[in-house]
Amino acid sequence: MQTHAPVETRDRGRQSPPTPPLLQVERLRKYFPMAGAGRPMLHAVDDVSLVIGRGESVGLVGESGCGKSTLARLLARLHDPTDGRIVFDGSEIGAVPAARFARSPERARIQMVFQDPTDSLNPRFTAADAIGEPLRLLAGLRGTALDARVAELADQVGLPAELLPRYPHQLSGGQKARVGIARALAVKPDLLILDEPTAALDVSVQAVVLQLLERLRRELGLALIFVSHDLNVVRLLTERVAVMYLGEVVEVGPSDQVFLKTLHPYTRALISAIPGQGPRIRLHGEARSPIDPPASACRFHGRCPDGQDRCGREKPRLVQDSTRAVACLFAANRVSSTR
């Protein structure tokens, strides 16, 4: 799903091996047990594989309930996976229980910014306390060193120093978002996972926060995973995009290519909902339940405008080339035609 250009060595002119990815996810699953006879399972994330490069920005999109927020929490190691591997900078972290991972050195290297800054901030903490908390817990800073680092982070995200003594209820939505971002950046992470970070903000404030995130990514060399239902935002902010449907990734590719030459019919329907993107594709029928979905059928079957009888009998696999991937029974021709 991602290629790296070889780099020529200076001494012998040989090619060095490709740079290993920062994050590699292999066949990741998260099932939640449901009440009822036979112990039914909700397949929130089902057989997801992804690669995130160093300093890369990747969008994760799909309808509400598709599993994108659960996947984000798995990657941040806030949930334990049911199965699969999460390899971060060469280390398998998926097998480490979330409670133990919270105390590990890798915790500082993966940070998350949540959807609603009001809910994610302790109402009893000032802005300075909130930003300083990870510095106290993970970096052991105290006293003047802590105060100096908090002031530096506030300046980095454009939060005026006079707001640091204020509590969350005394801050605007945009100011609380900056506090959340500063807190996530406090321990100098390599990967920042953002779960709908601007969804609770006014449109004008959203634009400012998105510009801030893009600037920070460039300046700090951060890798970003940006979870959103806003495809316009994803197109502007990310280099690659992964589309999820009912717990599965159904399409992956460079953002501009996915928008200009869509491969999966579900992605095509999502993009058609953006104003100015041509006629709206309306999906008919009911979405399949994520509870014990069939193992031998496409989960989009029944809603897909291109669906055929075969789709109800055969599960598509993720077909890929060097830059694109799509899970559709008719994907081979679609992928090869983009080369």
Side-chain angles (χ1 to χ4, degrees), residues 1-4 21-25 28 45-53 55-69 71-72 75 193-198 210 213-214 217 223-283 298-300 303-307 316-339:
M1 267 177 265
Q2 182 182 17
T3 57
H4 301 272
L22 179 66
L23 183 72
Q24 189 163 356
V25 181
L28 194 63
V45 173
D46 209 355
D47 200 20
V48 167
S49 296
L50 280 175
V51 173
I52 311 295
E56 185 183 25
S57 57
V58 176
L60 194 59
V61 302
E63 294 173 293
S64 296
C66 72
K68 56 187 187 294
S69 290
L71 177 58
L75 302 183
I193 301 173
L194 305 118
D195 187 7
E196 301 271 13
T198 61
L210 292 171
L213 289 169
E214 175 58 19
R217 184 183 76 84
L224 297 183
I225 297 176
F226 192 88
V227 180
S228 181
H229 66 278
D230 190 329
L231 297 181
N232 272 327
V233 167
V234 169
R235 186 176 190 177
L236 291 172
L237 191 67
T238 65
E239 297 164 310
R240 281 195 307 137
V241 61
V243 182
M244 291 190 69
Y245 184 79
L246 280 182
E248 298 179 330
V249 169
V250 296
E251 183 166 356
V252 183
S255 298
D256 55 348
Q257 292 184 25
V258 169
F259 279 82
L260 292 174
K261 195 164 186 178
T262 305
L263 299 178
H264 199 281
Y266 173 66
T267 309
R268 193 164 67 244
L270 282 181
I271 292 174
S272 77
I274 302 174
Q277 292 296 313
R280 175 75 180 270
I281 299 173
R282 299 193 178 276
L283 301 177
C298 175
R299 294 186 183 179
F300 194 43
R303 299 181 78 195
C304 180
D306 299 342
R317 62 185 181 87
L318 200 65
V319 177
Q320 65 183 68
D321 66 4
S322 60
T323 61
R324 303 291 301 270
V326 60
C328 176
L329 294 178
F330 313 103
N333 291 335
R334 290 175 181 167
V335 171
S336 62
S337 66
T338 65
R339 294 174 182 168

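The chain is numbered in sequence order, starting from 1. Below, all heavy atoms of this structure are taken into account, side chains as well, without hydrogens, waters or symmetry copies.
- Side-chain contact between Phe330 and Pro316 is absent, with no heavy atoms from C-beta onward closer than 4.5 Å.
- Using a distance-only test at 3.5 Å, with no hydrogens or angles considered, no donor-acceptor pair links the side chain of Lys68 to the main chain of Val243.
- Side-chain contact, Tyr266 with Glu251: no donor N or O sits under 3.5 Å from an acceptor N or O.
- Other residues, nucleotides and ligands place no more than 12 heavy atoms under 6.0 Å from the CZ atom of Arg282.
- Atom CG of residue Asp230 and atom CD1 of residue Ile274 lie 8.0 Å apart, to the nearest 0.5 angstrom.
- When each of Ile281, Leu283, Thr262 is paired with Ser272, the side-chain contact (heavy atoms from CB on, under 4.5 Å) condition holds for Ile281 and for no other.
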Under the side-chain contact (heavy atoms from CB on, under 4.5 Å) rule, what do Val258 and Arg324 come out as? Steps first, then yes or no, please. CA-CA 8 Å; Val258 169; Arg324 303 291 301 270; 4.0 Å; yes
Apply side-chain contact (heavy atoms from CB on, under 4.5 Å) to the pair Ile225 and Leu50, showing each step before the final yes or no. CA-CA 11 Å; Ile225 297 176; Leu50 280 175; over 6 Å; no
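- Between Pro197 and Leu194, the closest heavy-atom pair is CG-CB, 3.7 Å.
- Side-chain contact check for Ile52 versus Leu75: every heavy-atom pair is 4.5 Å or farther apart.
- Looking at Pro254 and Thr323, their side chains come closer than 4.5 Å, going by heavy atoms from C-beta outward.
- Side chains of Arg217 and Phe226 form no contact here, defined as non-hydrogen atoms less than 4.5 Å apart.
- In this structure, Ser64 OG and Glu196 CD are separated by 7.5 Å, a value rounded to the nearest 0.5 Å.
- In this structure a side-chain-to-backbone donor-acceptor pair under 3.5 Å is missing from Arg235 to Ser255.
- Residues Thr267 and Val326 fail the side-chain proximity criterion, which asks for heavy atoms closer than 4.5 Å.
- Between Asp306 and Phe300, the closest side-chain pair of non-hydrogen atoms is not below 4.5 Å.
- The two residues Val25 and Val48 have their closest heavy-atom pair at CG1-O, 3.5 Å.
- Side-chain contact between Leu210 and Val233 is present, with at least one heavy-atom pair separated by less than 4.5 Å.
- Here the side chain of Glu248 pairs no donor or acceptor atom with the backbone of Asp47 at under 3.5 angstrom.
- Between the side chain of Thr238 and the backbone N or O of Ser57 there is no donor-acceptor pair closer than 3.5 Å.
- The nearest pair of heavy atoms linking Glu63 to Tyr245 is OE1-CE1, 3.5 Å.
- The backbone N or O of Ala327 sits less than 3.5 Å from a side-chain atom of His264, completing a donor-acceptor pair.
- One distance of note links CE of Met244 with OG of Ser69; it measures 9.5 Å at 0.5 Å rounding.
- Of the inter-residue distances, the one linking Leu236 atom CG with Leu231 atom CG reads 11.0 Å to the nearest 0.5 angstrom.
- Between Glu56 and Arg240, the closest heavy-atom pair is OE2-NE, 2.5 Å.
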